[in-house]
Each structure stands twice: as C-alpha cells, then as structure tokens.
Amino acid sequence: MNVRIGQGYDVHAFGDGDHVMLGGVRVPHEHGVIAHSDGDVVLHALCDAMLGALALGDIGRHFPPSDPRWKDADSRTFLRHCNALLRERGWRVGNADITVVCERPKVGPHAEAMRAVVADDLGIALDEVSIKATTSERLGFTGRAEGIAALAVCLLVRDAG
Ligand SMILES: Nc1ccn([C@@H]2O[C@H](COP(=O)(O)O)[C@@H](O)[C@H]2O)c(=O)n1
Ligand SMILES: C[C@@]1(CO)OP(=O)(O)OP(=O)(O)OC[C@H]1O
C-alpha cells in the first residue's frame, strides 16, 4: 500500500454573528467569524492537508477568495471537491486528526457530530476521523479570544497495483 501525508492550518478572526461553523456543524457562539466562505477552520485545514498530501496546492488556489461563487459557501463543498480530486487519482483518506484551538466555544460537545460529517463526506469510517480541541491558556490571539484556529494532519492511502 502506498501512503502520503499532509498537514493543514487555518485561522479566522471572530466578528459579528451568533455561531461558528466547525466541521460542518453549526456551533452557537457569541461571535461569528470573518471569512469569504462560511469560515469553517476545521474543514479548511483538512482540505489543505488533503491537497498538500498530493502537492495539489492549497484551498485558495482551488477556491479563490476573489471568486463570488464561494461567498458564504458551505465548506463541505470544498471538502467533497478535494476528496473527489484524491479519489480520481486512486487515493483515499486513511485517517485524519484535527485539533481546534480556541478558548471558546467548547468544541467537545460537538466533536462527535463533526466527526460524523467529515467521515460521511470523505466516505470513510468514523474511527478514521479524530477531532480534538485545546485552549492556548489565554496566550496569543486565540488566548485573547480574537479568533479560532485549526490544525489538520491526514494520511492518504492507495492500494499498490
Ligand atoms: N475550545 C475548547 C478547548 C478545550 N476543550 C476541551 O478542554 C480540554 C482542556 O483544554 P486545555 O486547553 O485546558 O488543555 C481539552 O482537552 C478539550 O477536551 C474544548 O472542548 N473546547
Ligand atoms: C475558503 C476561501 C474561499 O474563497 O475563503 P475564506 O472563507 O476566507 O477562507 P480561507 O481559510 O481564508 O481560505 C481561502 C479561500 O479558499
């Protein structure tokens, strides 16, 4: 079996609003995020990890922020597109591990729903998707609750043939 590895990172600043989208799940919060799309840092970081594993560029190359088609877009559209790019090349995500960094909102209560969305969109098993969270102990921009960040690592697998 052939394998590839990729990593991704995304940040969005908090702004006006009453929820954030995380892993395709609407999470109530006292702020929204400032973004061209729905600003889902979990899915953006994961897309970048998947694209990076095959050296296919980054999310901004595939979905330019200058393109009005992606205004307020559902980031699951990006995830499914990236997954299709891998699948048509014979690859699939073997597993993905994602960490969300923010003081608030609490991610834990929503993590299982996020895992289910990601596993469904990638067509992989639930136990192949991990979503974790940490604060940054009130340090830095996440610690001051100015924004939210996510880091993703994924392994791609392909049957040797
Ligand atoms: N936004 C967050 C941040 C953290 N958690 C959960 O709390 C645990 C402790 O966080 P520390 O930063 O103090 O280590 C962490 O392991 C998560 O389980 C969370 O759900 N949402
Ligand atoms: C997702 C895109 C879509 O236009 O815009 P944003 O929602 O602003 O998110 P970002 O993480 O900055 O990635 C760039 C773009 O691809």
Check whether any side-chain N or O of [X] sits under 3.5 Å from a backbone N or O of [Y] as a donor-acceptor pair, and report yes or no.
X    : Y    : value
D40  : G24  : yes
R87  : L122 : yes
R158 : N2   : no
H62  : L51  : no
S136 : R138 : no
D48  : D58  : no
D10  : A150 : no

Could you check whether atom CG of D16 has more than 12 heavy atoms from other residues, nucleotides or ligands sitting under 6.0 Å from it?
no

Any salt bridge between [X] and [Y], counting N to O under 4.0 Å?
X    : Y    : result
R69  : D67  : yes
R92  : D159 : no
R144 : E103 : no

Can you get from V11 to I131 by hopping between Ile, Leu, Val, Met, Phe, Trp and Tyr side chains that sit under 4.5 Å apart?
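No, it is not one cluster - the side chains of V11 and I131 are not joined through contacts under 4.5 Å.
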
Side chains of [X] and [Y]: does their closest heavy-atom pair fall under 4.5 Å?
X    : Y   : answer
L156 : I5  : no
P65  : W70 : no
D72  : S37 : no

With H12 as reference, evaluate H31, H36, H44, H29 under the ring-ring contact (aromatic ring centres under 6.0 Å, His included) test and give the passing residue.
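The single option meeting the ring-ring contact (aromatic ring centres under 6.0 Å, His included) with H12 is H44.
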
